[in-house]
Amino acid sequence: MDLRQWSSGQVASVLKKAEAFAPFPRSGTPECVRLSAELGAEAMADLLVRAEADRDAPMPALPARLYDEFRKTGRREGYEDAQRRRRTMLYGLTLAEWLEGEGRFVPALEEIAWARLEETNWSWPAHARGLDHPDHPTLDLAAAMSALDMAELDYLVGERLSPNLRARLRAEVDRRVVAPFLDRDDHWWLRTTPHKQVNNWTAVCVAGVVGAALYLEADTDRLARIVTRGLHSLADYLDTFDSQGGSSEGPDYWTYGFGNYVVLAHLLDLRSGGTIDLLAGPALRDIAQFPLRTMLGPGVWVSFSDSDSNPVFHPGLLTYLARRLELPGLLGLGMKNDYVLSHFNQFAWPLRQFAWPLPPEAEPARLGPHDWYEEMAWMISRLDPTDPAALRLAVKGGHNDEMHNQNDVGSFMVVSGGKVVLTDPGRGRYSKAYFGPERYQNLMASSRGHSVPLVNGFEQVEGRAHAAQVISHHHGVDADRLELEMAAAYPQAAGLDSLRRSLTLDRSHSGGRVLLDDTYRFHAEDSLFQSVLVTPMNTRLEGDSVIVGEVDAGVRITFDSGLLDVAFEHHPGVEKQYQPAVDLTRVVFTPRQRRPVGSVALEISPLSVRRGLSGIGQIRRGSYAEERSDLELEPGGR
């Protein structure tokens, strides 16, 4: 059923008929005691030790000047880190009190809960840009997550909390989050408009608001209006996925956005007696499999857009989806029950990890040799899915106005020896500039940070019209190939008539190889074309090859040194979000002769395999010279 078809009257009727709402065992019940025993002595001991330390630790201060740092410097970490430390302390104390049930953590828990309720803003500085007026609170990701944090805290251990705290908690959740959601239309993430598409924010904010209301709202008719408004917003969120369940935000934002969607799906399923099922239908099953299809190999995922190659998928999320949708492969993504609290921005995930831990043994996910998202033009190709060290290739077409957009039409990744050798570097450090007009001056978001050409000195530019056209896509036993026309990704001033990029994972050679062919046609005679590869590894020139990485995890890039010059451009210490800074090298291949028509051909093979250029020529002639005669290639023009 289309979520937009629900009316508040229908929702109210369903809610009034549902049985008691009990998403988790409450503290002190036999079910909670059993859960504590099933977690094991080690996990419980670690939790209690950390909670004892937090009980006696000073609470981080959140002065107004810290909030104002973002406005003044563009940096958001000062306030967010201190607030995250508060949240982490609260999460640990809540879990310890819930599972142990002896009351010894209640005083410290209440002290931090009071402090959180007294914060001027629940929203982050990057989203509010200043301290809120009390009558107009900013409803962002952090505020919505805080509301659900408080509601689940109250549900788990509320009977041990003071009546005044519980009353204040309900008042603050309503004032800051629920009422603004229900009564205001100024939330950009509420619905898609001709000027703005919704994204992960919609799922996170709706899950926080509606989830909190499911716990706390006593007026069923008002709750029905809240739920209905949320369902209509979530319909727009689901529209951001393509027909195969793909999201241009990438796997990292799948776990954030869709993960919160699943949090709400669980709560609403129980509160509606199973009548409102947000996970019903094949489309949701496809979305749930996104991390399986974008997994290149153990511990490595596609890192297009603001997503990284090593995302964390929450154990509780995987356990619930695997059971609910009968997708056991999700249990084999390599995630572990570490029960760590410090890297969470919301209580939903540590709670669900303790409540729904991964099974101790799970069969590794079974990957196929090839995955293809036609609408996004993402091709994921694996030489031998059963060999973790075997060659992998991921390529994207798409356009330059995607969610969490980077100017990356034609970008690709190569994995060898289980490590990313040629990279799409993922997200840069989140700052005011990164999400402002200066975004594409940042190496990570600009096409300079991606393995895509530089054309007459011009980078790619942002905008939906700056897109790739899929010329052909092929998957076969011997090879997977994607051919794109990507001249439109560049400004008209670049002078391009055509830029065809072909990327092939060739399985017919032992050890495999990736073949890259960029074929171009300019308006003018004296034009400069450069093919660029980006790597986080060491590089060196060795005759007609560039060596990237080491023997156990590296590639040899073979090129015609008579036709191409090669240069190395080093970018040390490029800042990332939630990750250490990375050293990147741009390897730039430039034709020695400036011609209006030509191509750059590269062979990328594991270092343990040494091959010549004959294969490149064969692939090149088979894929272009016969099929693309309109490009009028000159003899020796490569």
Side-chain angles (χ1 to χ4, degrees), residues 23-24 62 67 76-77 79-95 112-113 115-128 132 137-156 169-170 172-181 187-190 198-217 226 230 233-234 237 252-268 312 314 316-317 341-355 430 577-578:
F24 301 99
L62 292 175
Y67 202 93
R76 54 196 283 176
E77 293 85 357
Y79 186 88
E80 287 186 17
D81 288 351
Q83 193 195 54
R84 184 178 294 112
R85 176 62 184 137
R86 275 192 182 187
R87 289 196 301 266
T88 299
M89 295 170 72
L90 186 60
Y91 300 164
L93 291 165
T94 302
L95 289 169
I112 299 177
R116 289 241 55 208
L117 295 172
E118 292 165 356
E119 291 170 12
T120 301
N121 281 29
W122 278 356
S123 57
W124 283 324
H127 304 152
D132 285 337
T138 300
L139 179 46
D140 74 334
L141 301 165
M145 292 187 296
S146 293
L148 186 56
D149 288 354
M150 292 297 173
E152 295 198 314
L153 177 158
D154 180 82
Y155 171 84
L156 295 173
L169 182 152
R170 282 161 170 73
E172 291 299 326
V173 167
D174 195 76
R175 180 183 72 84
R176 297 172 187 261
V177 173
V178 176
F181 174 74
H187 315 296
W188 70 263
W189 47 264
L190 195 61
V198 301
N199 58 19
N200 69 86
W201 273 62
T202 303
V204 177
C205 292
V206 170
V209 176
V210 178
L214 291 174
Y215 281 106
L216 301 176
E217 180 56 59
I226 296 164
S233 284
L234 290 177
Y237 170 69
D252 254 315
Y253 279 98
W254 176 92
T255 199
Y256 190 40
F258 187 65
N260 275 274
Y261 179 95
V262 173
V263 166
L264 183 58
H266 162 246
L267 297 175
L268 193 52
V312 174
H314 305 308
L317 170 62
L341 307 179
S342 58
H343 55 257
F344 292 108
N345 284 322
Q346 56 187 133
F347 184 51
W349 297 125
L351 168 59
R352 284 154 180 80
Q353 178 170 199
F354 278 86
Y430 287 2
Q577 184 74 3
Y578 308 128

Exercise. Nearest heavy-atom pair of Ser123 and Ala128: which atoms, and what distance?
Worked result: OG-CB, 3.4 Å
For this session: Measure up the His127 and Trp124 rings against each other and bin them: parallel (under 30°), tilted (30 to 60°), perpendicular (over 60°).
Result: tilted
For this session: State whether a side-chain donor-acceptor pair under 3.5 Å links Asn200 with Tyr237.
Result: no
Problem set entry | Glu80 bridged to Arg87 by N-O distance under 4.0 Å | no
Problem set entry | Distance-minimising heavy-atom pair for Leu341 and Tyr91 | CD1-C, 4.3 Å
Exercise. Which pair of heavy atoms, one from Ala348 and one from Glu152, lies closest together, and at what distance?
Worked result: CA-OE1, 4.0 Å
Exercise. Hey, does the side chain of Trp122 reach the backbone of Arg116 with a donor-acceptor pair shorter than 3.5 angstrom?
Worked result: yes
Exercise. Which heavy atom in Val177 sits nearest to a heavy atom in Val209, and how many Å separate them?
Worked result: CG1-CG2, 3.3 Å
For this session: Of all the heavy-atom pairs spanning Trp189 and Thr202, show the shortest one and how long it is.
Result: O-OG1, 2.7 Å
Problem set entry | Pair Asp132 + Arg176, salt bridge at N-O below 4.0 Å | no
For this session: Look at the side chain of Gln577 and the backbone N and O of Tyr430, then say whether any donor-acceptor pair between them is shorter than 3.5 Å.
Result: yes
For this session: Heavy atoms only: give me the nearest Val210-Gly230 pair and the separation to one decimal.
Result: CG2-CA, 4.1 Å
Exercise. Got a salt bridge between Glu119 and Arg86, using NZ or NE/NH1/NH2 to carboxylate O under 4.0 Å?
Worked result: yes
For this session: Please tell me if the side chains of Cys205 and Phe181 come closer than 4.5 Å, counting only heavy atoms from C-beta onward.
Result: no
Exercise. ring-ring contact (aromatic ring centres under 6.0 Å, His included) between His314 and Tyr256: does it pass, once the steps are laid out?
Worked result: CA-CA 9 Å; His314 305 308; Tyr256 190 40; 8.5 Å; no
Problem set entry | Side-chain heavy-atom pair Leu156, Phe347 within 4.5 angstrom cut-off | yes
For this session: Ignoring hydrogens and angles, state whether a donor on the side chain of Tyr67 or Asn121 is under 3.5 Å from an acceptor on the partner side chain.
Result: yes
